[in-house]
Amino acid sequence: QLQASGGGLVQAGDSLRLSCAASRRIVSSYAIGWFRQAPGKEREFVAAIRWSDNSPYYGDAMKGRSTIFRDNARNTVYLQMNRMKPDDTAVYYCAGGMIDFGLGDLSKYDDWGQGTQVTVSS
């Protein structure tokens with residue numbers, strides 16, 4: 001139901017935008033988040049957005065270097081990543097769920113996309 005795309009190979013300092021497209025209309029009680037997982041590390045929270053009020057929520061992973069926003073007409077959420085670093089190299093996943101609070105808790109998300117690889121070279 002969620003399709004992540006936009007990953008690729010970039011250089012340190014570059015920007016990249018990821019997309020998460022939902023296959024059906026998103027209801028107001030839904031939230032979509034982005035997580036990432038580097039080899040040998042746990043999956044960590046990057047950002048999320050509530051559909052009800054369009055409020056964003058950021059984790060520590062890329063705070064200040066990322067922006068999450070949505071396109072209602074396309075049922076798509078974007079993650080704009082700037083000033084990228086080699087440590088940002090990971091598989092990025094988008095996930096969705098009916099979440100009221102705790103957007104950074106991956107266990108609250110029911111729907112997961114397939115992930116998109118992001119590699120940042122130094």
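Taking L9 as the reference, T119, S121 meet the side-chain contact (heavy atoms from CB on, under 4.5 Å) condition, with sequence neighbours excluded. Under the ring-ring contact (aromatic ring centres under 6.0 Å, His included) criterion, F35 pairs with F45, Y109, W112, sequence neighbours left out. Under the salt bridge (charged side-chain N to carboxylate O under 4.0 Å, His left out) criterion, R83 pairs with no residue, sequence neighbours left out. Among residues two or more places apart in sequence or in another chain, the side-chain hydrogen bond (donor to acceptor under 3.5 Å, both in side chains) test is passed with S5 by none. Legend: residues meeting salt bridge (charged side-chain N to carboxylate O under 4.0 Å, His left out) with K63, ordered by chain and number and at least two apart, are D60. Residues that satisfy the side-chain contact (heavy atoms from CB on, under 4.5 Å) test with V91, not counting sequence neighbours, are Y93, Q117.
Identified under the salt bridge (charged side-chain N to carboxylate O under 4.0 Å, His left out) test for residues 93-112, with sequence neighbours left out: none. The list of ring pair (Phe, Tyr, Trp, His ring centres under 6.0 Å) pairs with a residue in residues 64-89, not counting sequence neighbours, reads F69-Y78. Counting only residues at least two apart or on different chains, the disulfide bond (SG atoms under 2.5 Å apart) pairs with a member in residues 1-111 are C20-C94. Pairs passing the disulfide bond (SG atoms under 2.5 Å apart) check and including a residue from residues 24-54, sequence neighbours excluded, do not occur. Listed by first and then second residue, the salt bridge (charged side-chain N to carboxylate O under 4.0 Å, His left out) pairs involving residues 7-33 amount to none (not counting sequence neighbours). Pairs passing the salt bridge (charged side-chain N to carboxylate O under 4.0 Å, His left out) check and including a residue from residues 42-56, sequence neighbours excluded, read R36-E44.
Contact of the V118 side chain with the D88 side chain is not registered, since no non-hydrogen atoms from C-beta on lie closer than 4.5 Å. Side-chain contact between L16 and M84 is present, with heavy atoms from C-beta onward closer than 4.5 Å. Counting heavy atoms from C-beta on, the side chains of Q3 and S23 never come closer than 4.5 Å. At least one side-chain heavy atom of R70 sits less than 4.5 Å from a side-chain heavy atom of N54.
Placement of V77 and V27 within a single hydrophobic cluster is found when ILVMFWY residues are connected by side-chain heavy-atom separations under 4.5 Å, directly or transitively. A continuous path of Ile, Leu, Val, Met, Phe, Trp and Tyr side chains, each step under 4.5 Å between heavy atoms, connects Y57 with I99, placing both in one hydrophobic cluster. A chain of hydrophobic side-chain contacts below 4.5 Å, direct or via other Ile, Leu, Val, Met, Phe, Trp or Tyr residues, connects I26 to W34.
Atom CH2 of W51 sits about 6.0 Å away from atom CG of N75, to the nearest 0.5 Å. A distance of 9.0 Å separates CE of M81 from OG of S15, quoted to the nearest 0.5 Å. The distance from the CG atom of L18 to the OG atom of S66 is 10.0 Å, given to the nearest 0.5 Å. Separating the CD1 atom in I68 from the CD1 atom in I32 is a distance of 8.0 Å, to the nearest 0.5 Å. For the atom pair OG1 (T116) and OH (Y92), the distance works out to 10.5 Å, reported to the nearest 0.5 Å.
Enclosure of atom CD in Q114 by more than 12 non-hydrogen atoms of other residues, nucleotides or ligands within 6.0 angstrom is indicated.
Of all heavy-atom pairs spanning P86 and A12, the tightest one is CD-CB, 4.1 Å.
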D71 and T76: CA distance, side-chain angles, deciding distance, side chain to side chain donor-acceptor pair (under 3.5 Å) verdict: CA-CA 5 Å; D71 183 330; T76 299; over 6 Å; no
Worked verdict on M62 versus N82 for side chain to side chain contact (heavy atoms under 4.5 Å, CB included): CA-CA 9 Å; M62 295 193 73; N82 301 318; over 6 Å; no
